[in-house]
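Structure first, then comments.
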Protein chains: 2
Amino acid sequence: MSDGASGGLSRRGLLGLAGAGVAGLGLGVGGDRAVIAVAASATAPSPATDVYPFYQEHQAGILTPAQDRLHFAAFDVSAGTTRAGLIELLQDWTVAAAAMAAGRDIGDFGAVSGPYDAPPEDTGEALDLPASGLTITFGFGPSLFEDADGVDRFGIRARRPDELTELPHFPGDMLEPGRSGGDLCIQACADDPQVAVHAIRNLSRIAFGRAVIRWSQLGFGRTSSTSTSQATPRNLFGFKDGTSNIKAEEPGAADAHVWVGAGGGPAWLAGGSYLVARRIRMTIETWDRSILREQEAVFGRDKGEGAPLSGGTEFTAPDFAITGRGDLPLIGAAAHVRLAHPTRNAGIRMLRRGYNFVDGTDALGRLDAGLFFISFQSTPENFTAVQLNLARHDALNEYIRHVGSALFAVPPGAARGSYVGAALFA
Amino acid sequence: MSDGASGGLSRRGLLGLAGAGVAGLGLGVGGDRAVIAVAASATAPSPATDVYPFYQEHQAGILTPAQDRLHFAAFDVSAGTTRAGLIELLQDWTVAAAAMAAGRDIGDFGAVSGPYDAPPEDTGEALDLPASGLTITFGFGPSLFEDADGVDRFGIRARRPDELTELPHFPGDMLEPGRSGGDLCIQACADDPQVAVHAIRNLSRIAFGRAVIRWSQLGFGRTSSTSTSQATPRNLFGFKDGTSNIKAEEPGAADAHVWVGAGGGPAWLAGGSYLVARRIRMTIETWDRSILREQEAVFGRDKGEGAPLSGGTEFTAPDFAITGRGDLPLIGAAAHVRLAHPTRNAGIRMLRRGYNFVDGTDALGRLDAGLFFISFQSTPENFTAVQLNLARHDALNEYIRHVGSALFAVPPGAARGSYVGAALFA
């Protein structure tokens, strides 16, 4: 997997190595030309110098150990963009994403080496920063295949998987159109927020005239672990949640629950996945006035250790049958851990990869804060089944509000010399 | 300075140490009781385990080596809050801030040790995290001394320094009231955003019924260095700016330019400073379409190294006299580095401590991004003089818009057993 050793090199150092003798302007499918990728163990935590290869069987940013920071953007393809224009955009995005994942700036000339009479190809704010574990993950929304007016803009309607439709309305949903949907999405994760922001900004810039950001979200702290080497972080309710998340080290789990199988959908999506994003606003102030017993009852976990209320430690399996005083179950019927648990959902598991967010303060002085939920699953029906269960019964609903929602099909990883989603247009 | 060794201890570990035998509920002026502070060198970079003492001559978060992340909040005191109520709030804030700066959760019982029939005293999302270099800095706005109706709510109008009035309107200002002003401010800086967010959230919660957040701002990346041990970071224009910032290691610089001297204002403010905050939106998309030559001319610096266009390297003093082709100065008359330079501003210097921000996307799909500028100076007149110069002439104005503004008097550090701002109410 390793084309060269670049662990500690900054973008400029790499530019120096790669730039000599390179001619030509503009972005294209560069393939092997200047991509320097270093294989990184999927099980190691990712320090700032980690580099995850972009060209892989599956897209990076799914099983990759969850990085600390997120910038997520949904795009709408601009009116007038043709099928050829969309393909060209995906090609340009692929080349740029591979360069940034390798810790390089984008384009042939990058940010600072001129020509002086043209805008720099790269915006430059990540020039001195290492790759910082950056992964860039692309997805296709239902509206890419058929827009709101039923128009098949790009000649791909016939290739839309049956499952790729808007998610149903769930009880309690208070979705804002400006935070929902989108023709395309890009998830940029890194251990340095400046690197994630730089990635979305430059990909948005590349899209100029072809696609425009519909909404975007920064996440400052991961709320999930996707590797056994990572500690379970806390959400803004102060709890460890998602302890039983799918981990990269679990043999067979990703094949069973995350990747679309060869027979599980259209061929172009085999080895891909479905990404669900939900902006979940937490009513922090109400939660903070609830008593500790109520908080623990809502999650069904002890707040300190994250152990299920049925006993044990964080990773002890919850016992939903065990009862306490008055023969009431220690983990209540409406407890989040019970309702979300695979054993209560026909064995359904998802790979969760969400982030805490705070977007300042609303007009009443309350923090606009919560969880930007992201999950990957082999079919969106798995998310829908679990979410219906939660939306109807979860005690947590008193303290949260789903305000944004989107679904994307995530194609498999691109082969070197090709581009993300190529099989869809083949 | 060191009361105990706590470098690698989590909040829970510290809670275990400090909590045994502590009785009583509620917040009060705890002074020495459970504050564990470890002196940290002002010149060292701050890894996550750094702990900066809260009780110091000057408040922390000014000369402290600039941490990576920011959460800043401006508060308005609620109607009906008395002078005694305001003092009590400052006392409660002081105790809580000292605990959090030491890496502990707040209150006598904290987040998870009960009582189970009361809301936890600490919200808990930073439980497993180290102090992460957290500093919490408090300030008093002009309206605290006299509100918009001319009312002296807290009996302190007579003690208002003459300089503590709203900043003047600068040419080009497009200020939004919802992002400007405030009776009080809290600047929380840390190397982990979850720690900074936790601090503002818990201080806001303590203020319930007494003060409410007027506006708040997250910053994801520092844009200034306040120590010679730190590299100059890049702003979202991709440039190194503020190279000549005041550094903690410069003998006499802070006394001359940052701290209010004994004879320079009211006695209660001696050893304090003035904090100016400006939310500066960058019109990223316009900038990104400008040519490299224009970008470098605007700043008066080379984009790659940050060297002045008159030659040398990043830390070479700019030569404003030297000319090139056509006898034009290499650093133009409207270049930012020229207009902001102390030699062009009667020797005025400020300690800058700003942060990059991205708050998602606006209705046109443009990043709502820019610089949250923070400066500390011995008198706000210094800021005003420089900003008038910049607002009138700076070539950068074509690409930025000041949309938020606030000024606060920052009292000196609290003595152990006392509280921040005590001298104002003595």
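Predicted model only: the values in this text are computed from it and were never measured. Order of the sequence lines sets the chain letters (A, B, ...), proteins ahead of strands, with each chain counted from 1.
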Subject >> Residue B/Phe208 versus chain A: region with a heavy atom under 4.5 Å >> reply: side chain

Original post:
Where is the tightest heavy-atom contact between A/Asp122 and B/Lys303, given as atom of each residue plus distance?
Top reply: O-NZ, 4.4 Å

Original post:
Among B/Leu218, B/Asp117, B/Asp76, which has the most heavy-atom pairs under 4.5 Å with chain A?
Top reply: B/Asp117

**OP:** Determine the minimum heavy-atom distance between A/Val358 and B/Val197, stating which atoms define it.
**Re:** CG2-CG1, 3.7 Å

**OP:** Check B/Asp368, B/Asp359, B/Thr361 against A/Ser216 for a side chain to side chain donor-acceptor pair (under 3.5 Å) and give me the one that passes.
**Re:** B/Thr361

Subject >> A/Asn235, part contacting chain B, at a heavy-atom distance under 4.5 Å >> reply: backbone

**OP:** Answer whether the closest heavy-atom distance between the side chains of B/Lys240 and A/Asp128 falls below 4.5 Å.
**Re:** yes

**OP:** Could you tell me which non-hydrogen atom of A/Gln194 sits nearest to which non-hydrogen atom of B/Arg234, and how far apart they are?
**Re:** NE2-O, 3.3 Å

**OP:** For side-chain contact (heavy atoms from CB on, under 4.5 Å), just list the numbers for B/Phe220 and A/Arg69, CA-CA rounded to whole Å, side-chain angles, deciding distance to a tenth of an Å, and then say yes or no.
**Re:** CA-CA 10 Å; B/Phe220 66 77; A/Arg69 323 285 169 221; over 6 Å; no

Original post:
Does the side chain of B/Tyr116 reach to within under 4.5 Å of the side chain of A/Leu292, using non-hydrogen atoms?
Top reply: yes

Original post:
With a 4.5 angstrom heavy-atom cut-off, which part of A/Thr123 approaches chain B: side chain, backbone, both or neither?
Top reply: both

**OP:** Against chain B, label A/Arg289 side chain, backbone, both or neither, depending on which of its atoms sit under 4.5 Å from a heavy atom there.
**Re:** both

Original post:
Quick check: does any side chain N or O of B/Gln295 sit under 3.5 Å from a backbone N or O of A/Pro120, one acting as donor and the other as acceptor?
Top reply: no

**OP:** Identify which of A/Leu367, A/Val212, A/Asp362 forms the greatest number of heavy-atom pairs closer than 4.5 Å to chain B.
**Re:** A/Leu367

**OP:** Heavy atoms only, distances under 4.5 angstrom: which of A/Gly221, A/Pro193, A/Pro233 has the most pairs with chain B? Name it, please.
**Re:** A/Pro193

**OP:** Output the distance between atom NE2 (B/His198) and atom CG (A/Leu236), rounded to the nearest 0.5 Å.
**Re:** 10.5 Å

Original post:
For chain B, which of A/Ala73, A/Gly238, A/Gly178 has the most heavy-atom pairs under 4.5 Å?
Top reply: A/Gly238

**OP:** Please look at A/Glu285 and chain B and tell me whether the side chain, the backbone, both or neither of the residue comes under 4.5 angstrom of a heavy atom of that chain.
**Re:** neither

**OP:** Check each atom of B/Gln217 against the heavy atoms of chain A and say whether the ones under 4.5 Å are side chain, backbone, both or neither.
**Re:** neither

Subject >> Beyond-backbone contact of A/Glu125 with B/Asn356, side-chain heavy atoms, under 4.5 angstrom >> reply: no

**OP:** Determine the option with the most heavy-atom pairs under 4.5 angstrom with chain A, choosing from B/Ser204, B/Ala369, B/Ser290, B/Gly114.
**Re:** B/Ser290

Original post:
Nearest heavy-atom pair of A/Asp288 and B/Arg205: which atoms, and what distance?
Top reply: O-NH2, 2.8 Å

